[in-house]
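Take a look at the structure below.
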Amino acid sequence: MKIKEEVLKIIEALKKEGFNPVDAVFEGAVGVKEDVTLSFMDKLNDAQLVSGVVRVIYTTDGENVRFVEIPVGQSQEGAEK
């Protein structure tokens with residue numbers, strides 16, 4: 001079974017039992033270094049369907065790993081206003 005099918009079946013089952021599914025979110029990591037994926041992230045951001053950070057990981061001298069975090073979407077606090 002595909003993930004989409006499973007998620008939709010779970011949502012429908014919850015509705016059928018009288019529950020109110022509010023949202024379904026993915027928590028994890030997706031590589032977004034490619035232009036196509038970044039464009040998709042822009043579309044999600046424009047539709048307010050994404051919340052989190054893009055973490056750009058880099059090295060300073062080939063050994064020391066560093067990262068910069070770029071917020072994406074609205075935080076939960078921003079969404080409540």
Side-chain angles (χ1 to χ4, degrees):
M1 178 182 300
K2 297 282 187 183
I3 294 169
K4 177 181 174 181
E5 295 169 340
E6 185 174 355
V7 170
L8 293 176
K9 283 185 178 190
I10 295 295
I11 289 171
E12 286 305 313
L14 288 167
K15 286 180 183 177
K16 184 177 177 181
E17 293 300 320
F19 294 100
N20 181 27
V22 176
D23 203 354
V25 298
F26 167 75
E27 293 183 23
V30 176
V32 294
K33 188 176 175 185
E34 302 297 323
D35 288 345
V36 173
T37 310
L38 285 170
S39 294
F40 180 66
M41 291 296 293
D42 278 336
K43 288 180 183 179
L44 292 175
N45 190 38
D46 291 345
Q48 297 181 347
L49 295 173
V50 66
S51 177
V53 296
V54 171
R55 184 174 290 135
V56 179
I57 303 166
Y58 65 99
T59 60
T60 57
D61 56 10
E63 294 181 16
N64 294 319
V65 177
R66 302 283 189 260
F67 62 88
V68 175
E69 289 186 341
I70 303 167
V72 178
Q74 295 181 345
S75 67
Q76 290 297 80
E77 292 172 6
E80 292 174 0
K81 292 182 180 180

Any link between Leu8 and Ile10 through a network of hydrophobic side chains (Ile, Leu, Val, Met, Phe, Trp, Tyr) touching at under 4.5 Å? no
Interatomic distance, Leu49 atom CG to Asp23 atom CG [nearest 0.5 angstrom]: 8.5 Å
Smallest heavy-atom separation, Leu14 atom then Pro21 atom, equals CB-CG, 3.9 Å
Applying side chain to side chain contact (heavy atoms under 4.5 Å, CB included) between Val32 and each of Val54, Ile70, Val72, report the one that passes. Val54
Any idea which heavy atoms bring Ala24 and Val7 closest together, and the distance? CB-CG1, 4.2 Å
Hey, does the side chain of Asn45 reach the backbone of Gly73 with a donor-acceptor pair shorter than 3.5 angstrom? yes
Just wondering, more than 12 heavy atoms not from Phe19 lying within 6.0 Å of its CZ? no
Would one find more than 12 heavy atoms of other residues, nucleotides or ligands at under 6.0 Å from atom CD of Glu69? yes
Given side chains that start at C-beta, do those of Tyr58 and Thr60 come closer than 4.5 Å, heavy atoms only? yes
Side-chain ion pair, Glu6 and Lys9, N-O less than 4.0 Å: no
Just wondering, are more than 12 heavy atoms of other shown residues or ligands nearer than 6.0 Å to CG in Asp46? yes
Quick one: do Leu38 and Val36 end up in the same hydrophobic cluster if we chain Ile, Leu, Val, Met, Phe, Trp and Tyr together by side-chain heavy atoms under 4.5 Å apart? no
To the nearest 0.5 Å, what is the distance between OG1 (Thr59) and CZ (Arg66)? 10.0 Å
Nearest heavy atoms of Glu63 and Asp61, plus distance in Å: N-OD1, 3.0 Å
